[in-house]
Q: 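What follows is a single structure, and I will ask about it in a moment.
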Number of protein chains: 2
Amino acid sequence: MQDLLKQIQIRVNEKIYLKDPETSELGKRIIQESIRMIDEIGLESFTFRKLSEKLGTTESSVYRYFENKHKLLIYLTSWYWGWQEYRLVFNTANISVPEERLRIAIRVLTETASYDDLFPHINTQILNKIVICESSKAYLTKEVDQEKKMGFFAGYDRLCERISEMVLKVNPLYKNPHTLVSTIIEGIQRQKYFIAHMPSFTDILKDGEELTLFFTRMALIMTKSNGKNE
Amino acid sequence: MQDLLKQIQIRVNEKIYLKDPETSELGKRIIQESIRMIDEIGLESFTFRKLSEKLGTTESSVYRYFENKHKLLIYLTSWYWGWQEYRLVFNTANISVPEERLRIAIRVLTETASYDDLFPHINTQILNKIVICESSKAYLTKEVDQEKKMGFFAGYDRLCERISEMVLKVNPLYKNPHTLVSTIIEGIQRQKYFIAHMPSFTDILKDGEELTLFFTRMALIMTKSNGKNE
DNA sequence: AAAAAATAATAGTAATACTTTTAATATAAA
DNA sequence: TTTATATTAAAAGTATTACTATTATTTTTT
């Protein structure tokens, strides 16, 4: 099983990069170190110059992989959502009770996965922190419409679609599966941020079971409530 | 009544600006034009140079009001939440049925208010668009913790607090009023963005009543569901 | 062994995000 | 009304950013 899984690679839309970072040593180091660095100093202060200095390479070498740091951010978040999709599929395989599947889906989204040794150059735990703090900057731009069309957010899209389907399995009459699911996914990230930095916006003291319960309840109760309480 | 209301001013934390833009003609023009400009070209492309050129003044004059564009963004979003708080209080005054108050609160948050002639230099409709696209960038930074301490987000905080109190009036036993309210407020903005730019993340085709209903249902159903469905 | 691709080293440019200095103008207090 | 004070305008300067370009060197593939 381990050996089989070693073949797995998270696919990312080719248009996001100039050269696939998975195909070279330098490419992998760019990913590895940029995750560390963005987490440490924040996206705003992060530059390709600083990154290349840390890597002992040059700016122009980094530019051969990514057009700019915006594309790199899109790459990292796309990879993350691709990885989450893989975790979702893996964890819900062989579970047939719709409600149970949905519960597991929310758990996959809320639980901070520990280091995933299938991807040794990607620290998924730190990457999750980046997703919490920086991922919305990837689409809150003037270029969204084109980038959406080019499929830059397709990974996130697929994840949202899969969970929406699970919602519909629980209640085929439910009218707003996508709205609910995207509100929950975004809400999870935001609440994790509030817990860490703006505690007056939440009642939850630390990232953990309570957060999972809150969003699990939201998912189930909304899904099953169709049409009532208007 | 009109005359009385003319006295109203939205208060913004003094530490956000160097000189209060409300106290001079240039200050008001800075606010007016920056709203227009950020909406038009986006926060990333917006610079104090471009703003001052448009205003027929100089960069250094703009810098006397705001330390940098980040502070200006915080000013604009703070003003917006202060204004929403005022709208909330105004619209829920004299309504005593808790559930009805909460319904109105959600409506205030979802409905795009038309031009508010109490504030002639602030186009609240465009400002709302800025809040949707740019406001999260105001706190998703490495400086949040200090800025939170300095009360830069106090306006948003108060709004969240007020609505949380309404939730508790509906169900005093409800455990997560702040988590619910902040998830809803953030969710509303995000859904409006998805409707406009990333329709695959929502089932709602256009900003309107359907969005209000979705979040009203979420508010009421979650508030009243305490403890069940875990 | 030759050809192609990738990387390193170096330099350069336009724009950004400011800061500083000085001069002109408006306003408010004595 | 004068004087002090604050405000704005004009101009210039600096460090950093976000790239692009050129050439040389090394590595990989054919």
Side-chain angles (χ1 to χ4, degrees), chain A residues 14-34 37-38 40-76 121 134 137-138 140-143 146-147, chain B residues 14-34 37-38 40-76 121 134 137-138 140-143 146-147:
Chain A
E14 292 177 356
K15 289 173 204 143
I16 294 170
Y17 48 75
L18 295 170
K19 177 176 155 65
D20 187 351
E22 290 291 326
T23 61
S24 78
E25 213 33 63
L26 179 62
K28 284 179 195 162
R29 294 208 303 134
I30 286 172
I31 299 306
Q32 178 172 44
E33 187 55 35
S34 65
M37 225 169 168
I38 292 172
E40 194 189 324
I41 63 175
L43 187 69
E44 279 67 38
S45 306
F46 171 83
T47 68
F48 278 4
R49 171 155 295 159
K50 287 175 189 168
L51 175 64
S52 58
E53 270 163 17
K54 196 92 172 213
L55 291 172
T57 182
T58 59
E59 254 183 300
S60 38
S61 296
V62 176
Y63 276 108
R64 304 187 105 257
Y65 289 86
F66 295 100
E67 223 181 309
N68 49 47
K69 76 172 169 182
H70 175 239
K71 289 275 171 66
L72 172 58
L73 176 66
I74 290 178
Y75 180 90
L76 295 177
H121 61 298
E134 319 286 3
K137 296 170 193 167
L140 293 175
T141 70
K142 280 286 162 188
E143 294 78 35
Q146 310 152 46
E147 294 185 348
Chain B
E14 291 177 358
K15 287 173 205 146
I16 294 169
Y17 48 75
L18 295 171
K19 177 175 154 68
D20 186 351
E22 289 293 324
T23 61
S24 77
E25 213 32 64
L26 180 63
K28 284 179 194 163
R29 295 208 303 134
I30 286 171
I31 299 306
Q32 178 173 43
E33 188 55 36
S34 65
M37 225 168 169
I38 292 172
E40 196 189 322
I41 63 176
L43 187 69
E44 279 66 38
S45 305
F46 171 82
T47 67
F48 279 4
R49 171 155 295 160
K50 286 175 189 168
L51 175 65
S52 58
E53 271 163 16
K54 196 91 170 219
L55 290 172
T57 182
T58 59
E59 253 183 300
S60 37
S61 297
V62 176
Y63 275 109
R64 303 188 104 256
Y65 288 85
F66 295 101
E67 222 182 309
N68 49 48
K69 77 173 169 183
H70 175 240
K71 289 275 171 67
L72 172 59
L73 176 66
I74 290 179
Y75 180 90
L76 295 177
H121 61 299
E134 320 286 5
K137 296 169 193 167
L140 294 174
T141 69
K142 280 285 162 190
E143 294 79 36
Q146 311 151 45
E147 294 185 346

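The basis for the numbers below is simple: all heavy atoms, side chains too, and nothing from hydrogens, waters or symmetry mates. Letters A, B, ... are given to chains in the order of the sequence lines, protein chains preceding strands, and every chain is numbered from 1.
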Q: Can you check the A:Leu18 CG to D:dC19 C1' distance for me, whole Å?
A: 13 Å
Q: Tell me the interatomic distance from B:Lys19, atom NZ, to D:dT5, atom P, rounded to whole angstroms.
A: 17 Å
Q: To the nearest 0.5 angstrom, please state how far the CG atom of A:Leu43 sits from the CG atom of B:Leu140.
A: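 Atom-to-atom, A:Leu43:CG and B:Leu140:CG are 10.5 Å apart.
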Q: Going 5' to 3' along DNA chain C, between which two nucleotides do contacts with chain B fall, using a heavy-atom cut-off of 4.0 Å?
A: C:dT16 to C:dT20
Q: So, the side chain of B:Lys50 versus the backbone of B:Ser45: is there a donor-acceptor pair under 3.5 Å, distance only?
A: yes
Q: Less than 4.5 Å apart, any side-chain heavy atom of A:Ile38 and any of A:Leu76?
A: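 Contact flag for A:Ile38/A:Leu76 side chains = yes.
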Q: Would you say B:Ile31 and B:Tyr75 make side-chain contact, with heavy atoms under 4.5 Å?
A: yes
Q: Are the side chains of A:Ser24 and A:Tyr65 in contact, using a 4.5 Å heavy-atom criterion?
A: yes
Q: Check for a donor-acceptor pair, side chain of B:Lys71 on one end and backbone N or O of B:Lys15 on the other, with a separation under 3.5 Å.
A: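 Side chain of B:Lys71 to backbone of B:Lys15: no pair is present.
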Q: Rounded to the nearest 0.5 Å, how far apart are CG of A:Asp20 and NZ of A:Lys28?
A: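 Nearest 0.5 Å value for the CG-NZ distance: 9.5 Å.
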Q: Does A:Lys54 use its side chain to pair, donor to acceptor, with the backbone of A:Met37 at less than 3.5 Å?
A: no
Q: Where each residue is assigned the nucleotide of DNA chain D containing its nearest heavy atom, which of A:Phe48 and B:Arg49 is assigned the position nearer the 5′ end?
A: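 The residue mapped nearer the 5' terminus is B:Arg49.
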Q: Among residues 56-68 of chain A, which contact DNA chain D at a heavy-atom distance under 4.0 Å?
A: A:Glu59, A:Ser60, A:Tyr63, A:Glu67, A:Asn68
Q: Measure the shortest side-chain to side-chain distance between A:Val62 and A:Leu26 over non-hydrogen atoms and say whether it is less than 4.5 angstrom.
A: no
Q: Would you give the length of the straight line joining atom CD of A:Glu44 to atom NE2 of B:His70, rounded to the nearest 0.5 angstrom?
A: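 With rounding to 0.5 Å, CD (A:Glu44) is 8.5 Å from NE2 (B:His70).
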Q: Quick one: are B:Leu51 and B:Glu33 in side-chain contact, heavy atoms under 4.5 Å?
A: yes
Q: Listing time: all N or O pairs from protein to nucleotides 25-27 of chain D that are below 3.5 Å?
A:
none

Q: Please report the distance, rounded to the nearest Å, between NE2 in A:His70 and C1' in D:dT17.
A: 17 Å
Q: To the nearest angstrom, how far is B:Glu53 atom CD from D:dT8 atom C1'?
A: 17 Å
Q: Measure the distance from CZ on A:Phe46 to P on D:dA18 and round it to the nearest whole Å.
A: 10 Å
Q: When the distance from OH of B:Tyr17 to P of D:dT7 is rounded to whole Å, what number comes out?
A: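 Rounding to the nearest Å, OH of B:Tyr17 and P of D:dT7 are 13 Å apart.
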